[in-house]
**Q** 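Just passing along the structure, written as structure tokens.
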Amino acid sequence: MRLAITILLLIFTSSLFAQQKQTVSSPDGRVTVSVSIDKGQASYSVNYGGSSMLEASPLGLTTNEGDFTSDMSFVEASEGVTSQTYSIVTIKQSEVNYEANILKYMMANSEGKQLSVLFQVSNHDIAFRYELPTWDKTVVTVVESEATGFKFPSQTTAFLSYMMEPMAGFARTSPSYESGYQTDVPMDQTNAREGYVFPGLFRVGDEGWVLVSETGVSSQYCASHLSAYQEGKYTVEYPNPEQNNGFGSSGAQIGLPGVTPWRTITVGESLKPIVETTIPYDVVEPLYEASMGYQMGRSTWSWIIWQDNSMNYEDQVKYIDLAAAMDFEYILIDAWWDKNIGYKRMEKLIDYADSKGVGVFLWYNSNGAANDAFMTPLNKMNSTIARKKEMKWLKEAGVKGLKVDFFGGDKQETMRLYEDILSDANEYGLMIVFHGATLPRGWEKMYPNFVGSEAVLASEMLVFVQDVREKEAFYASLHPFMRNAVASMEFGGVVLNDFLNKGNKEGQERLTTDAFQLATGVLFQNPVQMFALTPNNLEDVPAFELDFMRALPTTWDATVFVDGYPGKYSVLARKSKGKWYVAGVNAESSEKKLKLEVPMLAGQTVKLYGDDEDGKTYLKEVKVARNGMVTITMQSKGGFVLTQ
């Protein structure tokens, strides 16, 4: 991450308000948050453009030093404004201007202990957190649970991904944020036992859309998720105690004064604010400075298609050569490299990659005690002493980054491990990608060497599960509105083999078109992309598709919603260094003809990568009208890209 000058202005008015009900609006006046206490219960509501987006929803915490969910009384309120400008290369927009109005609402419980809720309201976005002062001589507490809720109007439908059961799945490694989705369903049908991961997307009838998530989770707190729909609302739930093999509290241990992570709400009449939001980054700050200028880019990755058998010196040379031929910056060498190649030969392999202008990422198992994941290198990342010894060798060998896998859940104990890995890696000039991991929550800005995380039903499941192959287009149409709307997403995609195996002759057949795959290279945002190309693609894929991949950026200056509906189709525009890409995918069972408004390409003759009726991908030139309108036809499970 590269940060420019950041200016933060925070001003609270000197006047304190005595009225129990308080409101704060966005700078444009369209978003209004109201906070009040009724019969001892604090709540808030959200109105957008005159429509109710959230009805009275509960606020409050339960700690081991007191209950702040009932018998609450109003103390005082104050107002303020905040303004921040920042530059960051690892998210969907490189230059961000954030302006918000602030309300700090202070209340007290029956014991007289105080608690504040700080709301920051910008145009389309709300972020709020709890602020806990010292209570007399009490300077530590454990937050055991939250009453924080989200009560949507009754006509609302939900788009949610299931929270996985703890200590289940492969080698007892869940939850890993790799579940399917419920889409556009009535809220009373969202009753998963473990609840749902952030973010959650909601359609409030014809009134608009709401995206709910959290940000700012560090080693100082646990991560949380949404409960099942109960008693007319969703609530914030802390991790299941059985996560991390039952070790560690499911709550959060904090010093006082202390704060919780931010709960975030994005609202809009259309999906445009959902796709374009930067709220996960607007309210957090870097926790340390980058030790060097980290280079983003594209990577080859043998394991995704050639699997474990490719973890040998000779096959890795082939993938280094593939990266060089494609002008990619990196190669990712996956599990078992320490056993099958060895440290000494790995140094030689790294030198070979360097001679080709290719940097190396190495895979590591995070595990030592959290689950039964057995792949090696093992017991290298889970303790400070072992980690720093390993990272010293990595730096000396010339490794550029690590992919660390198989984490134990969302407890504060695991959040500390994420942060420790990131912080130590920065000292050695190493970038970090997480796999088998939780949702990043503002980490692109908080940790400047963090360059992505899986936390999605990603490309490896295309190889392993027929149902995922059949639903690939469906899932792809969801990610821009949900998972990838709030954080970078290392999907490991753009599969150009017809069959998802080394032979590429038969077996697990890919069910989407090449143009679909190219489009996901634009739709899925992550600053370091581990693409699924194989050496044979240099011979069996059309040259124009390879040229597209050679030129494809992984960092973006702007992201613009063009069209789409989650679960059906998605069209986005992204700009990098003055060049626009407009990309779309079609998840529906028949072709889709769209009239798209793309003013950034108005009057230009551009390249169109598309599919014919037989699913064969082509390249041709098209003229965009002077008014910015263009007609595109997407085949079922197909896609397109327009580019200058």
Side-chain angles (χ1 to χ4, degrees), residues 41-46 53-63 67-70 117 126-130 142-154 156-168 174-204 210-217 221-244 249-252 260-266 409-412 414-415 438-439 441 455 482-483 486:
Q41 168 67 63
S43 67
Y44 73 103
S45 60
V46 176
M53 294 298 186
L54 279 174
E55 299 173 353
S57 302
L59 294 167
L61 301 171
T62 301
T63 78
D67 179 20
F68 297 87
T69 64
S70 60
V117 190
I126 301 157
F128 66 96
R129 71 180 183 188
Y130 298 96
V142 173
V143 182
E144 298 172 343
S145 62
E146 280 191 41
T148 308
F150 307 92
K151 182 177 174 59
F152 292 95
S154 60
T156 301
T157 57
F159 300 73
L160 297 168
S161 180
Y162 305 90
M163 169 60 76
M164 302 169 77
E165 294 184 7
M167 304 301 291
S174 65
S176 55
Y177 285 62
E178 297 175 271
S179 293
Y181 292 81
Q182 287 182 271
T183 57
D184 222 353
V185 298
M187 293 183 291
D188 60 10
Q189 294 180 20
T190 55
N191 52 11
R193 187 173 71 176
E194 296 292 328
Y196 299 91
V197 302
F198 285 125
L201 178 65
F202 300 89
R203 182 183 178 186
V204 186
V210 181
L211 186 73
V212 175
S213 194
E214 72 173 351
T215 192
V217 178
Y221 220 85
C222 61
S224 64
H225 61 275
L226 286 173
S227 71
Y229 186 67
Q230 298 173 338
E231 299 177 353
K233 64 182 180 297
Y234 302 91
T235 56
V236 170
E237 280 194 347
Y238 288 175
N240 187 317
E242 295 178 14
Q243 290 183 14
N244 198 34
S249 171
S250 61
T260 70
W262 295 93
R263 312 303 172 209
T264 65
I265 303 168
T266 301
D410 282 344
K411 290 182 178 179
Q412 187 175 9
T414 309
M415 297 302 113
T438 193
L439 175 78
R441 292 161 165 90
M482 298 179 66
R483 167 66 181 83
V486 299

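The shown structure was predicted, so the numbers you read here are calculated from the model rather than taken from an experiment.
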**Q** With heavy-atom distances below 4.5 Å as the criterion, would you say the side chains of Thr63 and Val142 are in contact?
**A** no
**Q** Flag the pair Tyr44 / Leu54 as yes when at least one side-chain heavy-atom distance between them is below 4.5 Å, and no otherwise.
**A** yes
**Q** Can you confirm whether Tyr181 sits close enough to Met482 that some side-chain heavy atom of one is under 4.5 Å from a side-chain heavy atom of the other?
**A** yes
**Q** Would you say the ring centers of Tyr229 and Tyr234 fall short of 6.0 Å from each other?
**A** yes
**Q** Quick one: are Thr235 and Phe150 in side-chain contact, heavy atoms under 4.5 Å?
**A** no
**Q** Taking atom CD of Glu242 as the centre, does the number of heavy atoms from other residues, nucleotides or ligands within less than 6.0 Å exceed 12?
**A** no
**Q** Determine whether Glu237 and Leu226 satisfy the following criterion, side chain to side chain contact (heavy atoms under 4.5 Å, CB included), listing intermediate values before the conclusion.
**A** CA-CA 6 Å; Glu237 280 194 347; Leu226 286 173; over 6 Å; no
**Q** Decide side chain to side chain donor-acceptor pair (under 3.5 Å) for Glu194 and Asn240; before the verdict, give the C-alpha distance in whole Å, the side-chain angles of both, and the deciding distance to 0.1 Å.
**A** CA-CA 8 Å; Glu194 296 292 328; Asn240 187 317; 3.2 Å; yes
**Q** Does the side chain of Gln412 come within less than 4.5 Å of Ser249's, by heavy atoms?
**A** no
**Q** In chain order, what residues pass the salt bridge (charged side-chain N to carboxylate O under 4.0 Å, His left out) check against Lys151, with sequence neighbours excluded?
**A** none
**Q** Mind checking whether Ser213 and Leu439 have side chains closer than 4.5 Å, heavy atoms only?
**A** yes
**Q** Walk me through it: do Phe68 and Thr62 pass the test side chain to side chain contact (heavy atoms under 4.5 Å, CB included)?
**A** CA-CA 6 Å; Phe68 297 87; Thr62 301; over 6 Å; no
**Q** Would you say that Asp410 contacts Tyr177 through its side chain, given a criterion of any heavy-atom pair below 4.5 Å between the two side chains?
**A** yes
**Q** Would you call Lys233 and Glu55 a salt bridge, taking side-chain N to carboxylate O under 4.0 Å as the test?
**A** no
**Q** Can you name the residues that form a side chain to side chain contact (heavy atoms under 4.5 Å, CB included) with Ser43, not counting sequence neighbours?
**A** Ser36, Ala56
**Q** Could you tell me if the side chain of Thr438 sits less than 4.5 Å from the side chain of Met415, heavy atoms only?
**A** yes
**Q** Kindly determine whether Val210 and Ile265 satisfy side chain to side chain contact (heavy atoms under 4.5 Å, CB included), including the steps that lead there.
**A** CA-CA 7 Å; Val210 181; Ile265 303 168; 3.6 Å; yes
**Q** Among Leu201, Val197, Thr190, Val212, which residue satisfies the side chain to side chain contact (heavy atoms under 4.5 Å, CB included) criterion with Leu160?
**A** Thr190
**Q** Show your reasoning for whether side chain to side chain donor-acceptor pair (under 3.5 Å) applies to Tyr238 and Tyr221.
**A** CA-CA 10 Å; Tyr238 288 175; Tyr221 220 85; 2.8 Å; yes
**Q** Would you say Glu214's side chain and Ser224's backbone share a donor-acceptor pair under 3.5 angstrom?
**A** yes
**Q** Working note: Tyr130 + Leu59, criterion side chain to side chain contact (heavy atoms under 4.5 Å, CB included); need CA distance, chi angles, decisive distance, verdict.
**A** CA-CA 9 Å; Tyr130 298 96; Leu59 294 167; 3.5 Å; yes
**Q** Just to verify, what does Thr156 make a side chain to side chain contact (heavy atoms under 4.5 Å, CB included) with, not counting sequence neighbours?
**A** Phe152, Pro153, Met187, Phe202, Val204
